[in-house]
Amino acid sequence: MKLTLHVWRQKSTSQKGAFETHVMDSVSPDMSFLEMLDELNQALITNGKEPVAFDHDCREGICGSCGVVINGRPHGPQRATTACQLHMRSYQDGQEIWVEPWRASAFPVVKDLMVDRTSFDRIIQSGGFISVRTGSAPDANEIPVPKVDADKAFDAAACIGCGACVAACPNASAMLFTAAKVSHMGLLPQGQPEREQRVLSMVSTMDEEGFGSCTNHKECQEACPKEISIDYISRMNRDYVCASKNKG
Amino acid sequence: MNQAQSFPRSSIGKKFLMAITGLMLLGFVLGHMIGNLKAFQGAEKFDAYALFLKEVGKPVLGKGDFLWMARLGLLAAVGIHIFCAVSLTLQNRKARPVGYKKTAREASTYASRTMLWGGIILALYVIYHILHLTTGHAHHDFGSSVYGNMVAGFKQWPVSLAYVIAQIALGMHLFHGFWSAFRTLGANNPNRDKKLRAIAVFLAVAITAGYLSIPVSVMAGIIQ
């Protein structure tokens with residue numbers, strides 16, 4: 001496959017970036033998108049140029065490290081797929097591909113396609129924990145959890161924190177991420193003691209980090225590699241209003 | 001700051017206020033549309049209805065008292081709705097200072113993406129509409145008959161056109177706004193989602209068609 005690649009290059013957070021065009025002559029359709037970027041970097045290094053910086057780790061679609069916006073779509077065109085699990089067969093010979101980093105003021109570009117997602121970590125730190133007794137581990141299944149709740153909590157817990165929801169949202173909102181994190185603990189009995197403080201703290205941190213607000217476009221749900229539903233946002237709103245009322 | 005103070009400052013709090021005021025305004029828009037359909041019953045019934053609105057609450061309330069209370073309530077709702085919209089829009093703009101070169105819209109609708117513009121059209125329209133048929137400042141031949149003012153106004157095609165554009169904007173604003181409000185309020189769940197979408201479509205179409213029927217009928221000579 002022959003591809004024309006327009007890749008965002010930016011030396012550092014403070015410097016201005018621009019697109020750089022590379023023509024790749026022999027891309028295998030069996031390569032993953034990241035392997036294609038590896039090939040590009042190999043060629044750049046061979047020619048004595050600076051390779052393109054991009055985030056990646058497990059390359060199995062479960063770590064949440066990778067993520068670039070490909071032709072306007074976070075993680076590319078395939079549903080429920082991270083960029084590392086996207087294969088070049090999803091593209092056609094001769095196609096032009098634009099590769100951009102996540103765009104949000106809360107995700108400053110570190111270099112090229114790498115963004116700083118520590119704003120997500122700070123949201124987690126503000127409420128993503130539960131109180132546990134110290135000492136020996138409790139018996140497994142000691143606390144009964146209704147199957148429906150366990151399933152819902154697990155669906156929310158599938159969030160890998162990649163940031164595709166923020167990247168896809170026209171408002172750069174982190175509501176889907178925050179809602180998933182609030183819900184996966186709030187749905188379980190172990191998460192009840194901090195339930196109200198958790199949603200208040202996490203939403204407040206989310207706002208402070210400079211994310212946008214939700215206008216129910218549903219773009220986040222479409223882009224999420226773990227297919228997390230916007231129903232969790234509705235659930236978080238309800239939790240937030242109830243907690244505000246009780247703590248008001 | 002306690003939570004009662006931080007609630008209206010948070011993004012969810014502002015969205016909550018927008019949803020509540022939006023639903024209040026929807027209630028007004030629905031009632032106003034049903035009332036306006038009396039235009040099809042002729043001048044006498046329509047003017048009698050207009051007089052009734054001024055005299056609601058008699059003899060406890062004086063003439064026009066109820067109307068002014070309703071107007072102040074609506075003004076407050078509109079004010080809060082616009083304030084939150086502006087505040088959230090600025091927050092959203094700030095959240096993405098550098099845009100994408102390529103954008104692909106997969107799930108959002110034309111109505112959802114144009115909520116801001118629809119809102120601006122509606123705000124301008126409301127000002128025009130009040131100057132046109134309430135105070136008469138923007139009317140070419142304003143008299144004492146509410147029915148007469150309406151028919152004379154809509155006989156001019158640019159006036160009717162402005163009303164038609166505004167009603168289409170209203171329909172789209174309601175289509176996304178109604179469904180979105182229930183999501184924001186947390187009153188949505190997977191079982192209700194389809195029903196809320198269906199109600200949103202019904203309300204948007206019914207209200208737009210109801211309002212549009214009046215200028216169109218005047219232009220077509222059905223209402224004279």
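The basis for the numbers below is simple: all heavy atoms, side chains too, and nothing from hydrogens, waters or symmetry mates. Quick note on labels: first sequence line is chain A, next is B, and so on, each numbered from 1.
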If I measure from the heavy atoms of chain A, does B:K94 come under 4.5 Å with its side chain, its backbone, both, or neither? backbone
Any donor-acceptor N or O pair under 3.5 Å, side chains B:Q3, B:S6: yes
Give, as side chain, backbone, both or neither, the part of A:A168 having an atom under 4.5 angstrom from any heavy atom of chain B. backbone
Give a yes or no on whether B:R93 atom CZ has more than 12 heavy-atom contacts from other residues, nucleotides or ligands under 6.0 Å away. no
Looking at A:C220, A:S234, A:G212, which one has more heavy-atom pairs under 4.5 Å with chain B than the rest? A:S234
Is A:E219 in contact with chain B via its backbone, its side chain, both, or neither, using a 4.5 Å heavy-atom distance? both
Only residue of A:K245, A:R195, A:R198 satisfying salt bridge (Lys or Arg N to Asp or Glu O under 4.0 Å) with A:D239 is A:R195
Using a cut-off of under 4.5 Å on heavy-atom pairs, state which of B:A4, B:A107, B:A104, B:S10 scores highest against chain A. B:A107
Quick one: of A:R238, A:E222, A:R103, who has the most non-hydrogen atom pairs under 4.5 Å with chain B? A:R103
Please look at B:Y100 and chain A and tell me whether the side chain, the backbone, both or neither of the residue comes under 4.5 angstrom of a heavy atom of that chain. both
Looking only at A:K247, A:E208, A:Q221, A:E100, most heavy-atom pairs under 4.5 Å shared with chain B are made by A:E100
Check each atom of A:F19 against the heavy atoms of chain B and say whether the ones under 4.5 Å are side chain, backbone, both or neither. side chain
Mind ranking B:T184, B:T103, B:D193, B:N2 by heavy-atom pairs under 4.5 Å with chain A and telling me who comes out on top? B:T184
A:I230 versus chain B, the contacting section by heavy-atom distance below 4.5 Å: both
If you tally heavy-atom pairs under 4.5 Å between each of A:G210, A:C214, A:A106, A:S204 and chain B, the highest tally belongs to A:C214
Which answer fits A:R235, side chain, backbone, both or neither, if we ask what part of it has an atom under 4.5 Å from a heavy atom of chain B? neither
Pairwise side-chain contact, A:K218 with B:E106, heavy-atom cut-off 4.5 Å (strictly under): no
For the residue pair B:F46 and B:Y49, does the interplanar ring angle fall in the parallel (under 30°), tilted (30 to 60°) or perpendicular (over 60°) class? tilted
What about A:Y232 and A:H184, are their ring centers closer than 6.0 Å? no
Chain B contacts, top residue of A:C169, A:A223, A:S173 (heavy-atom pairs, under 4.5 Å): A:C169
Top contributor to chain A interface from B:Q5, B:R113, B:K102, B:M115 [non-hydrogen pairs under 4.5 Å]: B:K102
Measure from the ring center of A:H75 to the ring center of A:F33 and say whether it is less than 6.0 Å. no
Between A:D149 (side chain) and A:P146 (backbone), is there a donor-acceptor pair under 3.5 Å? no
For residues A:F211 and A:F120, determine if any side-chain heavy atom of one lies less than 4.5 Å from a side-chain heavy atom of the other. yes
Are the side chains of B:F154 and B:M219 in touch, meaning some heavy atoms are under 4.5 Å apart? no
Non-hydrogen side-chain atoms of B:F7 and A:V241 separated by less than 4.5 Å: yes
Pick from A:A104, A:C242, A:G72: which one has the most heavy-atom pairs with chain B under 4.5 Å? A:G72
Taking side chain as everything from C-beta outward and backbone as N, CA, C, O, which of these in A:S244 sits under 4.5 Å from a heavy atom of chain B? Side chain, backbone, both or neither. both
